[in-house]
Each structure stands twice: as structure tokens, then as C-alpha cells.
There are 2 protein chains.
Amino acid sequence: MKLQQLRYLCEVARQGLNVSAAAERLHTSQPGVSKQIRQLEEELGVDIFVRNGKRVAEVTEPGKAILAIAERVLREAENLRQAGKDFSNETSGSLVIATTHTQARYALPGAVKAFVQRYPGVSLVLHQGNPSQVAQMVIAGEADVAIATETLAEVKELVSLPCHAWHHGVIVRPRHPLLKEHALSLEAIARYPIVTYDTAFAGRSRINRAFERKGLSPRVVLTAIDSDVIKTYVELGLGIGIVACMAFDPRRDRGLRMLDAGHLFETSTTRIGLRHGAFLRRYVYDFIQSFAPQLTRDMVDAAMRGGGIDFEM
Amino acid sequence: MKLQQLRYLCEVARQGLNVSAAAERLHTSQPGVSKQIRQLEEELGVDIFVRNGKRVAEVTEPGKAILAIAERVLREAENLRQAGKDFSNETSGSLVIATTHTQARYALPGAVKAFVQRYPGVSLVLHQGNPSQVAQMVIAGEADVAIATETLAEVKELVSLPCHAWHHGVIVRPRHPLLKEHALSLEAIARYPIVTYDTAFAGRSRINRAFERKGLSPRVVLTAIDSDVIKTYVELGLGIGIVACMAFDPRRDRGLRMLDAGHLFETSTTRIGLRHGAFLRRYVYDFIQSFAPQLTRDMVDAAMRGGGIDFEM
DNA sequence: GACGCTTACGTTCGTCGTAACTATT
DNA sequence: AATAGTTACGACGAACGTAAGCGTC
């Protein structure tokens with residue numbers, strides 16, 4: 001068994017069982033790939049692919065299990081390579097962050113700016129998606145870290161750590177009647193049409209729960225995945241907005257007013273998600289700590305090894 | 001990077017940094033091992049070993065991290081091989097069980113007997129040790145499953161599952177005064193010299209805790225790691241014994257009497273410990289279920305993937 | 001001086017790529 | 001007919017083992 005064979009195998013699977021495409025991506029010949037896979041099948045004594053005549057048609061049931069393990073082997077081998085680069089003080093590299101719009105736009109800029117200054121040789125990539133896509137990217141190895149408020153803690157394949165606690169606020173147009181009420185209440189909010197986040201985004205679950213508990217069914221007239229869209233429509237007078245407080249900037253958002261709603265909705269916690277057992281280069285720890293200062297290298301390491309460990313903020 | 005290089009590397013580390021010894025164990029030449037390791041070091045750009053002149057003296061700090069990852073790679077590769085054997089219906093193989101005396105002697109015989117009948121081609125090996133040794137054997141890959149009452153649940157590197165709940169009993173000689181008391185109490189027990197398990201064995205922690213809670217400090221005159229030694233000394237009149245109920249057999253132990261003490265000590269739970277993420281061959285699942293019928297393959301799999309999952313009995 | 005690791009070198013085996021062949025759509 | 005995968009074959013390269021060299025203990 002050789003690592004190369006596993007690489008070939010996984011690439012064929014990733015290319016939708018197309019051996020030629022895999023060979024091309026691997027910069028090698030197609031017969032070579034074909035042969036190595038057959039050799040692996042022979043060594044293991046298991047057919048991994050079902051071949052219709054000469055065409056690779058599907059993955060056998062044992063093949064699925066084998067592919068899963070092969071991917072783990074390759075991932076660990078990749079960890080080794082990363083560890084090598086890290087210890088040899090190689091400054092170049094890449095950091096791929098998978099995150100949601102709200103985080104990318106309002107929470108990350110500070111940490112990102114500090115990072116690119118400190119590590120000019122490291123290319124930083126931001127991938128955007130919804131929380132479950134973000135989690136999947138990290139699981140699949142396409143991203144190094146996931147940052148999101150929802151979902152991450154429930155994904156078993158990831159180690160997740162709390163970064164920031166934050167809460168929601170209500171945004172309205174200037175001179176809106178809500179601005180005159182001396183204490184903001186859920187009942188008052190529910191009287192107006194609402195513009196807020198899409199399901200499974202930026203603490204939307206907390207918003208729903210708060211209304212449900214009071215037996216209120218607010219009229220949500222528009223949902224968006226990002227705070228800017230919400231703000232735009234609130235400015236247009238479509239309704240009042242419920243967004244993360246951090247998404248409101250009094251200087252930029254002159255056409256809007258923010259009412260703190262920390263007492264109405266549960267606090268949300270932004271979390272960082274990491275691949276279980278992954279080797280993280282020094283700059284990854286640095287980035288994490290720059291984003292969430294309480295997450296020291298030791299804490300992250302402890303969580304990565306322990307697996308089940310977690311703590312509340 | 002090749003698997004072979006990692007194999008060489010780990011073997012050298014395991015042989016106490018002796019390249020020649022590693023080469024011999026790997027059935028290859030010593031220069032080959034030496035060269036491959038240097039190549040790996042060059043590829044990774046990291047010195048793994050500190051060489052005093054021409055002698056390998058110690059592992060560098062980065063080397064330790066690299067060794068840890070290399071071992072993970074090899075373990076996954078081994079999983080692949082096991083998966084191959086399993087799916088190709090190869091009947092031969094081995095099952096190494098690390099366990100304590102009490103389990104081996106009183107809990108396992110039934111499951112072991114059924115196993116060797118059902119899988120005559122699989123060689124079953126029992127390794128004995130104290131609970132933490134047992135856990136270490138599985139972590140190190142020397143054993144496939146750990147079975148013990150203490151320790152396993154706390155070891156993070158293992159997935160542990162509850163098998164049997166059991167409790168302690170008090171054994172005394174015939175005509176002992178305790179036999180006449182109509183309700184056994186801790187206070188009554190504490191009046192006599194006690195023979196029981198060594199620290200960290202077979203629920204000894206529960207025994208201690210029960211007495212502590214009542215503020216009693218019983219006089220323990222002898223501790224042993226196995227029930228048979230305890231029984232022997234109780235028969236000799238050294239004191240009364242506290243052992244697992246399952247260790248008492250009225251037909252064999254004619255010179256002794258057993259008093260149930262389930263109401264005095266907390267229930268102990270025998271657990272099975274498995275290496276996190278390991279591939280288990282079919283017969284391993286069968287063995288586990290034969291030992292603890294509630295542990296179906298699906299349950300074991302769920303626990304292995306989930307990592308943090310657990311349930312109480 | 002004995003042991004242990006490295007360097008040097010020749011053989012062998014394996015891998016890769018090209019080309020021809022065969023099956024599937 | 002075109003696309004995709006396997007078989008065949010020759011060239012290159014890498015790993016292995018033997019033998020010699022050099023440092024420690």
C-alpha cells in the first residue's frame with residue numbers, strides 16, 4: 001500500500017469516478033492511475049469500484065468505507081507536511097477561512113487586517129457560505145477554520161470553540177414610533193413588519209425562540225442572509241430590522257437608528273470550528289487568538305486533543 | 001513522502017532510537033532505514049532526530065509532533081488493511097483483549113468461549129493489566145479492545161461504552177457474626193478487618209467513597225488485584241472480603257458465604273474501551289455484542305464517530 | 001577495539017508514459 | 001465515430017543490499 005495509490009483513489013472518487021479527469025488533475029497518465037487502483041484493490045482483496053465492462057460506474061459498499069479511511073490517511077499525511085513547513089519556519093502558506101457574511105463583514109476585518117500585516121507571505125482566503133456549508137468546507141478539508149454563529153457546535157466532526165458573545169438589535173428609520181417607547185419589548189416589535197436573517201443564519205434561531213416563548217407570531221416580510229440587505233430594506237421602509245448589533249455603525253448608517261435588544265433575545269455566540277485532529281500552523285493559532293483573545297494556543301490544543309471538551313463563555 | 005518512511009521512522013523511535021534494531025525488526029538493511037529517514041527529514045525540512053556525531057541521541061521537539069502524526073497515519077493505514085481483510089471475508093485474524101483479572105476470570109469466559117467457537121480462524125489473545133495499563137495497551141495499538149471497570153471512561157483517547165452494571169458483595173467465613181445481622185450496614189462492615197481490591201481496581205474507588213461519606217475509616221488489612229487472592233485470605237481468616245458479586249460462586253466457594261451489598265456501595269459499571277476512529281472487523285462487533293448484548297454494531301459505530309457521545313445504563 | 005551510523009555503488013524492482021487495443025455510448 | 005479504460009512494452013528512477021568509511025563509547 002502506498003500513499004500514491006490512496007491519492008489516486010480519492011481523486012478518482014472526487015472526480016465523479018472519472019479516471020481520465022483524475023489523471024489529468026494529478027499530472028500523470030491515465031493508465032498509471034488505473035493500474036495503481038487495481039493494485040490497491042488486489043492488495044486489499046476488495047473491489048472498490050463497480051466496473052461496467054470497462055467503465056467505472058459506482059463505488060461498492062466496502063469501497064465507501066475504504067474511501068473514508070483513505071481520506072483520513074491522506075489528511076494525516078497532509079498534516080505531516082504542514083507540520084514540516086511550520087517547524088522549518090517556512091513563512092509562506094495559506095489560511096482558508098470559511099465564514100458567513102455577517103462575520104466576514106463585521107467581525108473579521110480587524111483580525112484579517114492584523115493577519116495580513118503580520119504574515120505577508122501567507123495568502124488568506126475567505127470562503128463565504130451558510131453555516132452548514134461553512135462546516136462542510138472545513139470537514140472536507142477545503143477550509144482550515146470555520147467561523148459562524150449557528151450550526152458549528154452541533155457538528156460532531158468539528159471541534160468548536162466560543163469566540164464572541166453578541167446580541168441582536170432592532171434597526172428602524174429615524175422618527176419611527178418605536179424610538180419613543182421608553183422600554184423596548186417583544187410585543188412592541190411584533191406590531192411591525194420585520195426584516196431579518198434567513199433561517200439558520202446569524203442567530204435567527206434565537207430570534208424565533210424569543211417570539212415563540214411569548215406566543216407571538218411576528219410578521220416577517222423579508223429574510224436575507226446578510227445584514228446589508230436587511231439594512232437596505234429597512235431604509236426603504238419595508239419594516240423594522242433585527243440584526244446583530246455589530247452590523248450597525250452610527251457613522252455609516254445615518255439613515256437608520258439602532259435600539260439595543262440584548263434583553264429580549266438570548267445572547268448568540270460566534271464560534272470557531274476546526275477539523276478534529278488537524279495540525280494547525282503557528283499563524284492559524286495567531287489568527288484565532290487575534291480574533292478571540294481568550295483562545296490561547298494551549299486552549300485550542302486542549303480542545304483539539306480532548307475531542308469532547310468545551311466550555312461556556 | 002511514503003508510508004515506508006513513516007514506518008521506518010516510528011520503528012526507530014519505538015526501538016529507543018536504535019536504527020540497527022529497527023532495521024532488523026523491519027527485515028531490511030540498516031543503511032536503507034537510515035537513508036529513508038534522512039530523506040523524510042529533508043522533504044519535511046525538519047530535523048527529527050538529534051545526532052551526536054553519527055549516533056542518534058534524541059528526538060527534537062518538532063520531531064515529537066511529527067512522530068505523533070506519523071503514528072496516526074500508520075494507524076489509519078492499518079485500519080485500511082483491516083477493512084480490506086474484513087470485506088474480503090478473510091476469516092483469519094486476531095482479537096487482542098486487554099483486561100483486568102476480575103473481568104478475565106469472571107465476566108469474559110462466556111463471551112470468549114462463544115467467540116472461539118464461532119471464529120476458529122481468529123486467534124484470541126488476552127492481555128492482563130491494571131485499568132490504566134489496559135487503556136494504554138489499546139491507545140498504543142497493542143490491543144483492540146479494553147475491558148475494565150475503572151479508568152476507561154476518563155481516558156480521552158478512548159471511546160468507552162458501558163457493558164454491565166454490577167455491585168459488590170461481602171464475603172465471610174461460615175458462622176461469621178455478620179451472617180446473623182438482619183440488615184448489612186457499612187458500620188457493621190467497618191468493625192472487621194477488610195481484604196479487598198487494590199487502588200484503581202474493580203470498583204475500589206466506589207468502596208472508598210461509600211465509607212468516606214459515612215465518615216468511616218475501615219481497617220484494610222490487605223489489598224490485592226484479584227478476587228481469588230482476596231478469597232484465599234478471607235478463607236484463612238484474615239478478615240472479611242469485599243469483592244464483585246460475580247466473583248463468588250456458591251458451588252466452588254464452599255468455604256465462604258456471600259452477603260449482597262448492592263445497597264451499600266454505588267453500582268459499578270464495566271466498560272469497554274476502543275481506539276477512537278479505529279476500524280473494527282466484523283468479529284470485533286460480534287464479540288462486543290456477545291459480551292454486552294445491548295451494544296449493537298450501530299451503537300458502537302455511533303459512539304466511534306461521534307467521539308463525545310455516551311449514555312448511561 | 002567494538003559498535004553504530006553514514007556514504008558509495010551496483011543490482012533489481014517498480015513506476016511512469018507512450019502506444020496499441022477493446023469496450024461503451 | 002468518439003470517448004473512456006485496459007493491456008503491453010520500454011525507459012527511467014528509486015529502493016535495497018553489500019561493502020567500505022568514519023565517529024563514538
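Protein chains get the first letters and strands the later ones, always in sequence-line order, with residue 1 at the start of each. Values below: every heavy atom of this structure, side chains too, minus hydrogens, waters and symmetry copies.
For A:Q30 and C:dG17, the shortest distance from a side-chain N or O to OP1 or OP2 is not below 4.0 Å. Residue A:Q36 has a polar side-chain atom (N or O) positioned under 4.0 Å from OP1 or OP2 of C:dC16. Applying the 4.0 Å criterion to OP1 and OP2 of C:dG14, one finds that A:Q39 has every side-chain N and O outside that range.
Note that CG of A:L9 and CD1 of A:I48 are 4.5 Å apart. Values are rounded to the nearest 0.5 Å.
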Tabulate protein N/O versus nucleotide N/O from nucleotides 23-25 of chain D, keeping only pairs under 3.5 Å, one per line.
residue	atom	partner	partner atom	Å
D:dG23	N2	B:R55	NH2	2.9
D:dT24	O2	B:R55	NH2	3.4

Tabulate protein N/O versus nucleotide N/O from nucleotides 8-12 of chain D, keeping only pairs under 3.5 Å, one per line.
none

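The salt bridge (Lys or Arg N to Asp or Glu O under 4.0 Å) contacts involving residues 21-31 of chain A comprise A:E11-A:R25, where partners must be two or more places apart or lie in separate chains. Annotation: salt bridge (Lys or Arg N to Asp or Glu O under 4.0 Å) contacts involving residues 27-53 of chain A, sequence neighbours excluded, comprise A:E41-A:R51. The ring-ring contact (aromatic ring centres under 6.0 Å, His included) pairs that include a residue from residues 6-65 of chain B number zero, where partners must be two or more places apart or lie in different chains.
For the segment residues 10-25 of chain B, residues with any heavy atom less than 4.0 angstrom from an atom of DNA chain C are, sorted by number, B:L17, B:N18, B:V19, B:S20.
Checked against salt bridge (Lys or Arg N to Asp or Glu O under 4.0 Å), A:D86 has the following partners two or more places apart in sequence or in another chain: A:R281, A:R282. A search for salt bridge (Lys or Arg N to Asp or Glu O under 4.0 Å) contacts involving B:E61 returns B:K64, not counting sequence neighbours. Partners of B:R55 under the side chain to side chain donor-acceptor pair (under 3.5 Å) rule, at least two apart in sequence or in another chain, do not exist in this structure. Considering only residues two or more places apart in sequence or on other chains, A:Y283 meets the ring pair (Phe, Tyr, Trp, His ring centres under 6.0 Å) condition with A:F115, A:Y119. In this structure, the side chain to side chain donor-acceptor pair (under 3.5 Å) partners of B:E76, at least two apart in sequence or on a different chain, are A:R72, B:N79. Looking at residues two or more places apart in sequence or on another chain, you find no salt bridge (Lys or Arg N to Asp or Glu O under 4.0 Å) involving A:E90.
Regarding B:R51, its CZ atom lies at a distance of 14 Å from the C1' atom of C:dT7, rounded to whole Å. Between the P atom of C:dG17 and the CG atom of A:L26 lies a distance of 11 Å, rounded to the nearest Å. C:dG14 atom P lies 16 Å from atom CG of A:L40, rounded to whole Å. Separating the CD atom of A:E43 from the P atom of C:dG14 is a distance of 12 Å, rounded to the nearest angstrom.
The residue A:Y8 sits close only to the backbone: its heavy atoms come under 4.0 Å of sugar-phosphate atoms, none of a base.
Along DNA chain C, the nucleotide closest to B:R38 and the one closest to A:S29 are compared, and the more 5′ of them pairs with B:R38.
A side-chain donor from one of A:S132 and A:N130 sits under 3.5 Å from a side-chain acceptor of the other.
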